[in-house]
Amino acid sequence: MNTALHRVDAHAKVTGTLRYGADRAPDGLAHAVFAVATIGKGRVVSVDTGAADKIPGVQLVITRIDPSELGSPGFIMGGGYGFQSLQPLTSDRIAYRGLPIAMVVADTLLAATEAAGMITAAYEPEQVAATIDADGAETVVQSQAIPIPMLADTAVGDADAAFAAAPVQVDLEIYGPAQHQVPMELISSVAEWRGDTLVVHEGTQNSGAIQNGVAQQLGIDPERVQVISPSVGGGFGQKNSLQPHIGPLAIAARRLGRPVKLVLTRPQTFHQASFRPTSRQRVRLGADASGRLLAAIHEIDQQTSRHDLFPALYTEVSSRLYGISDFRGLQRLVRTDVQSPGYMRAPFEHISVFAMESAVDEIAYATGQDPVAIRLANDSRKDPVTGLPFSSRYVAECLRRGAQRFGWADRTPEPRSMRDADGTLIGWGVAIGTYPGNAIPAIAKLSADTAGTVSVAVSGHEMGQGIRTAITRLVADDLGIDPAAVQVSVGDTRHVPQHLTAGSWGTAGALPAVHAALLELRTRLCLPQTGPVDLRAAVAATGAPRIEAEATTTAQGQPAEVVDRLRKGLVAIAGPEYPEFVTFSYIAHFAEVRVEPTTCRIRVPRVVSVVDCGRVASPVTAASQVRGGVIWGIGAALREQSLVDTRYGGFLNSTMEEYPIAVNADIHQIDVDFIDEPDPMLNPIGVKGLGEVAMVGVSAAIGNAVFHATGTRFRRLPIHIEDVLASL
Ligand code: MOS
């Protein structure tokens, strides 16, 4: 076992030699820059490109593309490929502030940027409703507007009656702000035509959607589109689909006969790509006097755009945290004048669990129970929604081990009871998190040669989570070879079809396919099914220079036809409910907060997080994922929100100066541990998802710690200094 195997791309990362999608700089490269709408909603009457055309080096200014030349990509959650169905530049509608009105292509980035800044437009503005509370925002009930079973509200038993009869009741309203993913790597692509084949280099989580989506938009065969995404500088859901700049970029490259590169500016990534939508939740939780949870009613309003219904999935997890026998969910969508929102790491789970775990904390105080003990007492071995067994569930072990590592036994329960000599209030909070164990079909191709090298190509994308390292480790350990002899290709449609990598199913999707291909390779080489091998000798014995093997895996219960969806770049997810069992990943977070007595500044000196993600496929990158998730949670609890000027629409603080994410000074001790018990049912490798569950429950643990420190329950994230000051 190469237990010490570090991140395989670590050296390339720190030396700056790792190749990201849009690092490609072919000869003759031209640069594209968007000019964007400066009204919140309405119609563009005319675009004046006169001044832009005169800038030296400007080659092309596109203000309108006929829909017959560039169709809609479709909405990714509506059977399409785009983060939204709306394709900019194909009509005069201004659906939201920041929508592109022109694309300038020039010989240099400087010329394109200068020219784009000179483009002006005449508009017919309309009243904008960019927030869920605005006049003109329109609310629909999700189960009626999108009547498909996967999106149905969770309902079991008679929650209203059980809540009404419960001796202890909590009723909490929680507000979650809009947030943006702000990955370090900006959304960026290079589009080039090689003959009649379009080649797209882009940092993406979904090269298959780009391949098939842009082919559909341009009316060409997907075989004539290649998408290459060797590594992504952070995706977090924002890069999960076809971005609307790809079509115009491909058209510009074709018209000019040159490769064209586009890098959205940071403010443009706040307006031309997805974001975490605003949500408002009401949780009613009923318990008996001992703290046994009897009933939950969880109602959600979630922001969406006018043109797409971005489906909410909050109750899928809130109903599974505990063994609550009577549960009723209600999810509503609020149409507003924004680009379509989308997935942002633990998209629903983070804020849904913040609401539920805040309510559970309230029940603990109302019943005089210890917050860890009440959680242990309400654990369940079987899924309360379907009655099926959980394939594995070690959340109680996460709690017990976390409490031990944190030193929870030393906590005094009374709010405001723990403080430093200087009056600093100390709060200790706990929360659990869960994330669905989704699974996908995947294809892996292996090739072993007489030099002993194994090349792997598999459906999956490297977003920094360490999928290459996990695959390398699996292959090297399985065959007993040096990890340096393993080469991994991911995110490349030239080698194998690519499915969206998201929802924590990346490693859990790729590894079973690679494992199946390894078995096939062993069969072809007449080797035993397990154990270290002499690969060089085995390949040489065949007389061929290299031996290839391929395998396709699907999730439990998936029909074989899902592989067609994979080949078409469509979403083909299974889970968390499978025919025989239900799978979730789990985590327990323990947080200490310190509230400085005069400024009320909140710091988080330490967090302990213990995870049940099934088998840990790559310890180094797994621990990094969890620390990253905790940092995201600290940002979500105390820092991040995308602000709107309701008069004008758009997002105000669309730069990294004004959208404060957690920085080094905000981060102190993060202690991570894993249960590392293989899941016996989900796949032969025993891995569940990890990357997303990492942040679920962090904000709740911090919120609960802030309550313990201050005695105030803050119902709105992020919790700011001024909120704490106002509560004193
Ligand atoms: Mo994740 S938000 O599903 O990329």
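The figures here come from the full heavy-atom set of this structure, side chains too, leaving out hydrogens, waters and symmetry mates. Residue numbers start at 1 and run along the sequence shown. All ligand and atom numbering here is 1-based and tracks the order in the structure.
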- request: Check the angle between the aromatic planes of Y314 and F348 and answer parallel, tilted or perpendicular using the 30° and 60° thresholds.
  value: tilted
- request: Specify the protein heavy atom at minimum distance from atom 4 (O) of ligand 1: its residue, its atom name, and the distance to 0.1 Å.
  value: Q205 NE2, 2.8 Å
query: So, does T336 use its side chain to make a donor-acceptor pair with the main chain of T304 at under 3.5 Å?
result: yes
- request: Taking only heavy atoms of G503 into account, list the atoms of ligand 1 that are under 4.0 Å away from them.
  value: 1 (Mo), 3 (O)
statement: atom 1 (Mo) of ligand 1 has as its nearest protein heavy atom E692 OE2, 2.4 Å
message: Show me which atoms of ligand 1 lie under 4.0 Å from any heavy atom of F236.
response: 2 (S), 4 (O)
field: ligand 1 atoms in contact with A502 (distance to a heavy atom under 4.0 Å)
entry: 1 (Mo), 3 (O), 4 (O)
All side-chain hydrogen bond (donor to acceptor under 3.5 Å, both in side chains) counterparts of Q226, not counting sequence neighbours: none
query: Which of the atoms in ligand 1, numbered in the order shown and given with their element, are less than 4.0 Å from a heavy-atom of R345?
result: 2 (S)
- prompt: Are the side chain of H271 and the backbone N or O of F651 linked by a donor-acceptor pair below 3.5 Å?
  reply: yes
- prompt: Is there a heavy atom in G235 that sits closer than 4.0 Å to ligand 1?
  reply: no
task: Please work out whether any backbone atom (N, CA, C, O) or any side-chain heavy atom from C-beta onward of M344 is under 4.0 Å from ligand 1, and answer side chain, backbone, both or neither.
output: backbone
message: Nearest 0.5 angstrom please: Y96 OH to Q339 CD, how far?
response: 6.0 Å
field: Result of checking R276, R639, E640, R345 against Q179 for side chain to side chain donor-acceptor pair (under 3.5 Å)
entry: R276
